[in-house]
There are 2 protein chains.
Amino acid sequence: MTTARLHSSATSQSSTKNGANGVRQRRSLEARHKLIEATIACLDKFGYADTSIARIQDQASVSRGALTHHFPSKEELVIATIDSLLETLLRPSLPSKKLSQTDIVADLRWLARNMTGTARGRALSEVLMATRTDKKLSARVNRRLTDWNTKLDEAVVGFYASPTGDDDDVRQIWMIARTFMRGLILQQPFTPDPAQIEQAINRFGALIAPYLETRKREGVTDA
Amino acid sequence: MTTARLHSSATSQSSTKNGANGVRQRRSLEARHKLIEATIACLDKFGYADTSIARIQDQASVSRGALTHHFPSKEELVIATIDSLLETLLRPSLPSKKLSQTDIVADLRWLARNMTGTARGRALSEVLMATRTDKKLSARVNRRLTDWNTKLDEAVVGFYASPTGDDDDVRQIWMIARTFMRGLILQQPFTPDPAQIEQAINRFGALIAPYLETRKREGVTDA
DNA sequence: CCTTACAGAACGATTGTTCTGCTTGTAAAG
DNA sequence: CTTTACAAGCAGAACAATCGTTCTGTAAGG
């Protein structure tokens, strides 16, 4: 007599009116978190093609029943994982503890490391490639991705300005930078020497540096 | 016109003693070609994850027995497909009927179209992403990819020169350009507007144009 | 006559999903 | 503060479908 156990979408949680942390809810969130982290690890290790539910539940040390309880389908799990990836990959650049704002090349190196040098960055690349052909998945995450991109643009405009004063140019330059960084993952098989990759990053930084200026930092209260 | 010459690669070198085209050999090459084309089409349409043997043989309108006869394993088929992709993606840039050599931005647009706007370019991106985690596949194609990259570098140096006279700089600039182009595939979900993509390509061309000059064209006999 | 080219069934392994049963937190009822 | 009822959390079997590979059989070019 189980009703439709549509375990509410990824964003819900929201809890009930209860503010206290119930044992029940806490464990649930823990399990979800563990499963998402396992999915990221599998995407990084095995790639999207070979990331199966069996592997994920093995990586997470969670029973299959628990997995299917929290994520009734693989698609739900992937989407929740994408949400997690977007959030954690956006957060560090918003408070800008990491961005030096003065050395653009250093910022680019940080960007490169974030996108290709971490499990989360590589995992995102895997799902991005998958969305190209998986229309069902694409339909459900397209909005999130474009929103994320816009938010990132606005954050960058808060840090950098164009000598011409055109903010759109800053957005375009950084969009080019992000595109270049993403391309590194696909270029790596051609250029196995890490030093050559690093040199290319530095050179790219030199190419775009003349078109970026540090913005006069006023009250940048992060919301 | 499209008599694609596909060398049988790692496996048997397929007896070159016979100069005459037997009916037998011709049909075999035709079947191989058809299967490779079908694989490319499937990689483009379904992505690497969902490109199964069943789908390939369906796309090629070939029996499963025929497929397994020509390619005893999926890996063999994928490798033969990669060989075909590398060859056809290199050829047009070698004789340089397409490269204008004067308008760098136009050349970049052609490069972008070649890498992200064609089924072959997208199919290559799919397998490139797969090689990141598939170590068995990676081990078998790494050499081919680096060699291909080197060959492309040399071809580019034949067309362009650096104002500084340093050929290595030309190689680096074009390596950056190729990386950027590859990144477009992964950036597309974030930036669905084609016009914005095109503008970014043009802008990128403007960024690197100052560092490239047309090389005085002497006898460029393509080997 | 024999090897190659092909057709197609059969194979075990693995895919993602569905279902049944058991435990347990939690909140309402007493 | 109990008692009780019920849904959430979870374990694991069962499921049909599909995966890639192997095998047997047949037709035909050399």
Side-chain angles (χ1 to χ4, degrees), chain A residues 1-8 12-35 38-39 42 46-58 60-79 81 130 134 136-137, chain B residues 8 11-15 17-35 38-39 42 46-79 81 130 134 136-137:
Chain A
M1 269 326 217
T2 54
T3 59
R5 34 189 55 197
L6 186 66
H7 185 272
S8 68
S12 74
Q13 79 213 46
S14 70
S15 74
T16 53
K17 45 269 180 187
N18 184 6
N21 57 341
V23 175
R24 209 182 189 92
Q25 187 185 28
R26 204 206 55 200
R27 284 187 190 166
S28 181
L29 288 178
E30 275 179 10
R32 284 179 64 94
H33 178 73
K34 200 157 60 162
L35 285 167
T39 305
C42 286
F46 309 120
Y48 187 86
D50 292 331
T51 291
S52 66
I53 289 188
R55 261 201 250 262
I56 292 172
Q57 63 130 314
D58 189 50
S61 300
V62 155
S63 75
R64 170 147 299 203
L67 193 152
T68 59
H69 171 72
H70 292 288
F71 302 98
S73 75
K74 189 182 179 184
E75 188 186 354
E76 297 297 327
L77 176 53
V78 170
I79 287 174
T81 301
D134 191 331
K136 206 181 303 182
L137 182 62
Chain B
S8 71
T11 58
S12 64
Q13 180 52 0
S14 79
S15 69
K17 64 194 77 167
N18 186 4
N21 56 341
V23 176
R24 209 183 189 91
Q25 187 184 23
R26 203 206 55 195
R27 284 186 189 167
S28 180
L29 288 178
E30 276 179 10
R32 284 179 63 95
H33 178 73
K34 200 156 60 162
L35 285 167
T39 306
C42 286
F46 308 120
Y48 187 85
D50 292 332
T51 292
S52 67
I53 289 188
R55 261 202 251 260
I56 292 172
Q57 64 129 315
D58 189 50
Q59 169 82 23
S61 299
V62 155
S63 75
R64 170 146 298 202
L67 192 152
T68 60
H69 172 71
H70 292 289
F71 301 99
S73 76
K74 189 183 179 182
E75 189 186 353
E76 296 296 328
L77 176 53
V78 169
I79 288 174
T81 301
D134 191 331
K136 205 180 304 182
L137 182 62

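Just so it is clear: chains get the letters A, B, ... in the order the sequence lines come, proteins before strands, and each one is counted from 1.
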[X] has an atom [atom1]; how far is it from atom [atom2] of [N], in whole Å?
X: A:E76; N: C:dG16; atom1: CD; atom2: P; result: 15 Å
X: A:L137; N: C:dG16; atom1: CG; atom2: C1'; result: 15 Å
X: B:Q57; N: C:dA9; atom1: CD; atom2: C1'; result: 13 Å
X: A:L67; N: C:dC19; atom1: CG; atom2: P; result: 17 Å
X: A:L77; N: C:dT17; atom1: CG; atom2: C1'; result: 14 Å
X: B:R26; N: C:dT4; atom1: CZ; atom2: C1'; result: 15 Å
X: A:L35; N: C:dG16; atom1: CG; atom2: P; result: 14 Å
X: A:F71; N: C:dT18; atom1: CZ; atom2: C1'; result: 18 Å

Output the pairing pattern of DNA chain C as a dot-bracket string, 5' first, Watson-Crick or G-U wobble with both distances under 3.5 Å, | for cross-strand pairs, [ ] for crossing pairs. .||||||||||||||.||||||||||||||
If you look only at distance, which donor and acceptor atoms sit under 3.5 Å apart when one is on a side chain in residues 54-63 of chain B and the other is two or more places apart or in another chain?
unit_1: B:R55; atom_1: NE; unit_2: B:D50; atom_2: O; d: 2.8
unit_1: B:Q59; atom_1: OE1; unit_2: B:K45; atom_2: NZ; d: 3.1
unit_1: B:S63; atom_1: OG; unit_2: B:A66; atom_2: N; d: 3.1

Can you measure from [atom1] ([X]) to [atom2] ([Y]) and round to the nearest 0.5 angstrom?
X: B:L35; Y: B:L67; atom1: CG; atom2: CG; answer: 4.5 Å
X: B:T81; Y: B:K74; atom1: OG1; atom2: NZ; answer: 10.5 Å
X: B:E76; Y: B:T68; atom1: CD; atom2: OG1; answer: 13.0 Å
X: B:T39; Y: B:I79; atom1: OG1; atom2: CD1; answer: 12.5 Å

What is the per-nucleotide protein-contact pattern of nucleotides 18-30 of chain D, from the 5' end, where B denotes a base atom under 4.0 Å from a protein heavy atom, S denotes such proximity for sugar-phosphate atoms only, and - denotes neither? -SBBB------BS
Who are the side-chain contact (heavy atoms from CB on, under 4.5 Å) partners of A:A49, not counting sequence neighbours?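 For A:A49, the residues satisfying side-chain contact (heavy atoms from CB on, under 4.5 Å) (neighbours in sequence not counted) are B:Y48, B:A49.
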Please determine if a side-chain N or O atom of [X] lies less than 4.0 Å away from the OP1 or OP2 oxygen of [N].
X: A:S28; N: D:dG9; value: yes
X: B:H70; N: C:dC6; value: yes
X: B:H69; N: C:dC6; value: no

Least distance between heavy atoms, A:L137 atom then A:D134 atom: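 The pair with the smallest heavy-atom distance is N-OD1, 3.1 Å.
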Which heavy atom of A:H70 sits nearest a heavy atom of A:R32, and at what distance?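 Taking every non-hydrogen atom into account, O-NH1, 3.7 Å.
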With a 4.0 Å cut-off, would you call B:K34 and B:E30 a salt bridge?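 Judged by the 4.0 Å cut-off on N to carboxylate O distance, B:K34 and B:E30 do not form a salt bridge.
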